[in-house]
Amino acid sequence: MMEKTYNPKQFEDKLYKEWEEQGCFKAVRDDKKVPFTVMMPPPNITGQLHMGHAMDETLQDVIVRFKRMQGYCALWLPGTDHASIATEVKVVEQIKAEGLSKESLGREAFLERVWQWKDKYNARIVNQLKKLGSSCDWSRLTFTMDEKCSKAVREVFVNLYNKKLIYRGSRIINWCPCCKTALSDAEVNYSEEDGFFWHIKYPVEGEDAFLEVATTRPETMFGDTAVAVNPADGRYKRFIGKNVLLPVLNKPIPVVGDEHADMQFGTGCVKITPAHDPNDFEVGLRHNLPVVRVMNDDGTMNELAGEYCGLDRYDCRERLVEKLKQENLLVKVRPHVHNVGHCYRCGATVEPIVSKQWFVKMEKLARPAIDAVIDKKVTFVPERFAKIYYNWMENVKDWCISRQLWWGHRIPVWYCQDCGKEICAKVDPNICPVCGGKSLSQDEDVLDTWFSSALWPFSTLGFPEDTSDLEYFYPGDVLVTGYDIIFFWVARMIFSGLEHMRKVPFRDVLIHGLVRDEKGRKMSKSLGNGVDPLEVIEKYGADSLRFSLLQGVAPGNDTRYSDAKVEACANFMNKIWNASRFVISNVEGKTVKPISEVKLSHADKWIISRLQSAIRDVTLALNKFEFGIACQTMYDFMWSDFCDWYIELVKPVLYGGDEVKRAAAESVLTFVLQNALKLLHPFIPFVTDEIYRYIPGTNGTVMTQEFPRYNSKLTYKKDAQAFGGITEIIKAVRAAKTELDCPPSRKVSLYIVTESKRLISANQESILKLAGAKEINFITEAGEAGEKVVTKVVSLGTLYMPMGDLVDLEKEKIRLEGELEKVTAEIRRADGKLNNQGFVSKAPKKLIDEERAKLDKYIEMRQKIVNQLKTL
RNA sequence: GGGAGCUUAGCUCAGUUGGGAGAGCAACUGCCCUACAAGCAGUGGGUCACAGGUUCGAGCCCUGUAGCUCCCACCA
């Protein structure tokens, strides 16, 4: 016996455990099956899953369950990411609260702490994924710092190094003074900030003249090694080759002519600080300028800043400006809005700084990765995201992969203390291969997190070993992720797959939007508007949450989370629950015949036909990753067709005395419910499986059943369509009663003029029950129904309902006139179309025929209404 | 500076080969009818941002305009 109310808590955990124990999620190579591979984007171990994850995981789970039911060998490989910088920031915060620091702990002890952190959050994330119902293969759970991932990272690093695609060099990088590490370009977020333009005098050496330089960062002045003017700039041309004196330091620096100086912008004179600005760095290279770094790693000024040494960059700025003012070198200060880069993890203002770092040379890697998308070896869904990808890939600069952090994959490079040789090796070297020296020290830095993420599609399957899994499951089929990490991750997986596996890592990239809060804001910690998926599951159940994240969402679009939406979905779950309870209570303990062995009524055929449409539409939608459409289709089928119509239609049959008809109804109810549950299962796995087990004749879980297939033999086109006429009659009677304020409980008599007597007779009971009527009389003309009647014209004929005193003939006349007007408008519309030469000659024949049929129908209806009006 | 998305019912949003505008929530009316009041039946509500164009036909395709959001690049 099913419980009376839908209570997900009673079965969600139980079912998950069972699935897991029975090995339902396990993907083992099976050469009789076609593999279908989805690699879970490994969530960061920085915290717990948020709504965005919940959506991401749900989408993947739907796809995987769908494919698994379709008979694929479906692998959904789960994992978590060590998230180098993000996690390190978190753990540093944590130990700071204990009065400790990274440095005081030392590398080893610190890493010990991070591993503890990892264990805690990894477990939490796994638990959350399970709560959501994720059907991933837990036996393959991978952490990006697992042995196998480390091996893959080593392999790839060394290979790229040997191919000279990884190099070490001094370049301008983004430096986070707070995390004290280099960042890649992708890890910097720019935002507009109000700042100032300081106009500073640089006196010309040996002349009573000066160049006015405008800068937004005066404190970098100490690192100036030139002033640039445009060679075509008449104002300053003559100074090129001369020196100016750097204020405060009174150090002579040359004036150079360079296109970089924009004559229209600022004063036309640019201070050149190669060590602290990417453009200036380039200018410096062109003019062979020295690179003078004036800042320390923590954002304070170094000894080259003279008296400002040790000061924070902003304090230095303030004092320096003050000094310039005193020395009369400050011309003016103008407010200026400019874009400032921030660290994507801690938010601190990043400082472009010259630094010796490791880089991946992108040029050769990018081209094939671009071509792979052009050649459709990888397809972005929706397509528009390919553009974003191209744009980034085509302009990509070399990738800075070294991080001055402790948590992460250590760079596999050693330096010989004796001969200075740099050794890059897959296995830790003991002696220097050149001089045999034994004092080797490993590079202190770790790799960018995304370096290991980029290998995820194959490192998880055993690369660099030639494993059977790799052969079978690689490349993956679909990668599901948000548009925010196309650059970080998707792009890098594509070029890595091509470079190291010679094959793209996946066929489709399904990009989804962000989950926002009720007001459309991004969910974030600082706003405190995040909603914890676990809390929602606790309150409404995982199925409701899942459905709410899928429903009404267009591919790639952002969506809003709201409790109201989840509540509406919970109502749907409740609806499914109760409808199922109804069906099961009627068939429990019985042997139900297959529908092929019973005589089907019009209503039976109609609902089976509707089911076929639903199966077809859901399958089509899922194949195109249109989850919103799939949900809507199922919702309508389940709620409107099955519950509101079919179950109501079947009640008189079940409660009537005809055993044969009853048996047929039971067959159909069972058949439809069973199929509907299968159809719904990928979306709402828990409730469907819980119910499925109560259906007589089922054995075990629904998740291993075959996904329903559209069967054209079960569409019963003619009968199903004919049944539409019956529902029309029922609706007409209901509407008439409401219009007349007739209580639903009051049964009316129906008089019908029709040419479809047989059809209506066959469905008489349904009409009586659902319309709230007591009898149906077939008549040949209106008069037979009496005087005080309400008239409804429907496709199958004209309905008359004598309603006694409830009928106000005047009102009835007005109402009919209104209907006449509507029908006339329809006739005008159809007529206009059919009289349009263009339409008739160019529109598809099917459409024209349909339009003709409509016109005929409306003309007939108009005639009936006119006749009726005459009698009033 | 370049690019993308959005603008449809009071609210949140669907609407994918161009062929009579939809859902949920809210509102209104009436109903506890043995699956479900977390429900049932019925009703109202939209020049589909604006202006042009293509087409027999445009919410959908093209051009432009406005507002909002986002991404990339960047001005020292």
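Order of the sequence lines sets the chain letters (A, B, ...), proteins ahead of strands, with each chain counted from 1.
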Check step by step if salt bridge (Lys or Arg N to Asp or Glu O under 4.0 Å) holds for A:K846 and A:E851. CA-CA 9 Å; A:K846 191 180 159 214; A:E851 210 56 53; over 6 Å; no
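Across B:rG19, B:rG15, B:rG39, the shortest atom-to-atom separation from the side chain of A:N571 is found for B:rG39. Across B:rC6, B:rC71, B:rA35, the shortest atom-to-atom separation from the side chain of A:N557 is found for B:rC6. With distances taken from any side-chain atom of A:K575 to the nucleotides B:rC40, B:rU16, B:rC13, the minimum falls on B:rC40. If you check B:rC40, B:rG19, B:rG5 against the side chain of A:R384, the one that comes closest is B:rG5. Looking at the side chain of A:K387, the nearest of the listed nucleotides B:rG39, B:rG15, B:rA4 is B:rA4. In this structure, the nucleotide among B:rA23, B:rG19, B:rA35 sitting nearest to the side chain of A:N578 is B:rA35. Nearest to the side chain of A:K731, among B:rG42, B:rA35, B:rG15, sits B:rG42. Picking from B:rG30, B:rC74, B:rG42 the nucleotide with the shortest atom distance to the side chain of A:N339 gives B:rC74. The side chain of A:A568 lies closest to B:rG24, out of B:rG24, B:rG42, B:rU16. Of the candidate nucleotides B:rG19, B:rA41, B:rA73, B:rA41 has the atom lying nearest to any side-chain atom of A:D644.
Side chains of A:M221 and A:L246 form a contact here, defined as non-hydrogen atoms less than 4.5 Å apart.
At a cut-off of 3.5 angstrom, counting only N and O atoms as typed in the model, there is no donor on one side facing an acceptor on the other between the side-chain of A:N391 and the base of B:rC72.
Distance noted for atom C1' between B:rG30 and B:rU69: 44 Å (whole Å). If you take atom C1' in B:rC50 and the same atom in B:rG59, they sit 14 Å apart, rounded to whole Å. Comparing B:rA4 with B:rU12, their C1' atoms are spaced 23 Å from each other, to the whole Å. Taking the C1' atom of each, B:rA58 and B:rG42 are spaced 33 Å apart, rounded to whole Å. For the C1' atom pair drawn from B:rG2 and B:rA73, the interatomic distance equals 7 Å after rounding to whole Å. When the C1' atom is used for both B:rA49 and B:rU7, the distance is 5 Å, rounded to whole Å. Nucleotides B:rG57 and B:rC13 are separated by 27 Å at their C1' atoms, to the nearest Å. Between B:rG53 and B:rC60, the distance separating the two C1' atoms is 15 Å to the nearest Å.
A:N529 contributes a side-chain N or O that, together with a main-chain N or O of A:K522, makes up a donor-acceptor pair within less than 3.5 Å. A:E588 contributes no side-chain N or O that, together with a main-chain N or O of A:S585, makes up a donor-acceptor pair within less than 3.5 Å.
With a 6.0 Å radius and a threshold of 12 heavy atoms from other residues, nucleotides or ligands, A:K590 has its NZ atom above the threshold.
When heavy atoms are screened at a 4.0 angstrom cut-off, A:N574 is found touching base atoms of the nucleic acid. Within the nucleic acid shown, A:I629 comes within 4.0 Å of at least one base atom, counting heavy atoms only. Among the atoms of the strands shown, base atoms are found under 4.0 Å from some heavy atom of A:R829. Within 4.0 Å of A:W639, counting heavy atoms only, lie sugar-phosphate atoms of the nucleic acid but no base atom. Using a 4.0 Å heavy-atom distance criterion, A:E648 is classed as a base contact. A:G552 comes within 4.0 angstrom of sugar-phosphate atoms only, judged by non-hydrogen atoms across all strands, and of no base. Note on A:Y858: a base of the nucleic acid sits closer than 4.0 angstrom, heavy atoms only. No contact: A:F385 has no heavy atom under 4.0 Å from any strand. Here A:P844 lies in heavy-atom contact (under 4.0 Å) with a base. Nucleic acid contact for A:A554: sugar-phosphate only, since backbone atoms but no base atoms lie under 4.0 Å from a heavy atom of the residue. Contact annotation for A:N836: backbone-only contact, meaning every heavy-atom pair under 4.0 Å involves sugar-phosphate atoms and none involves a base. Across all strands, A:F572 comes closer than 4.0 Å to no nucleic acid atom at all (heavy-atom distances). Using a 4.0 Å heavy-atom criterion, one finds that A:I647 contacts the bases of the nucleic acid, with or without backbone contacts as well. As judged by a 4.0 angstrom heavy-atom cut-off over every strand, A:I388 is placed among residues making no nucleic acid contact.
A:E518 places its CD atom 15 Å from the P atom of B:rC25, with the value rounded to the nearest Å.
A salt bridge does not link A:K519 with A:D517: every distance from a Lys NZ or Arg NE/NH1/NH2 to an Asp or Glu carboxylate oxygen is 4.0 Å or more. Salt-bridge formation is detected for the pair A:R217/A:E351: a Lys NZ or Arg NE/NH1/NH2 atom is positioned less than 4.0 Å from an Asp or Glu carboxylate oxygen. The pair A:K769-A:E765 fails the salt-bridge criterion, with no side-chain N (NZ, NE, NH1 or NH2) lying under 4.0 Å from an Asp/Glu carboxylate O.
With ring centers used as reference points, A:F488 lies under 6.0 Å from A:Y344.
A:Y655 has a side-chain polar atom (N or O) that falls below the 4.0 Å cut-off from OP1 or OP2 of B:rA35. Not one side-chain nitrogen or oxygen of A:K854 sits closer than 4.0 Å to the OP1 or OP2 atom of B:rG19.
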Below 3.5 Å, can you tabulate the donor-acceptor pairs from side chains in residues 642-651 of chain A to any protein atom, sequence neighbours excluded?
from   : atom 1 : to     : atom 2 : distance (Å)
A:Y646 : OH     : A:D604 : OD1    : 2.5
A:E648 : OE1    : A:K651 : NZ     : 3.3
A:E648 : OE2    : A:K651 : NZ     : 3.1

Applying the Watson-Crick and G-U criteria (both distances under 3.5 angstrom) with [ ] for crossing and | for other-strand pairs, one obtains for RNA chain B (((((((..((((.....[..)))).(((((.......))))).....(((((..]....))))))))))))....
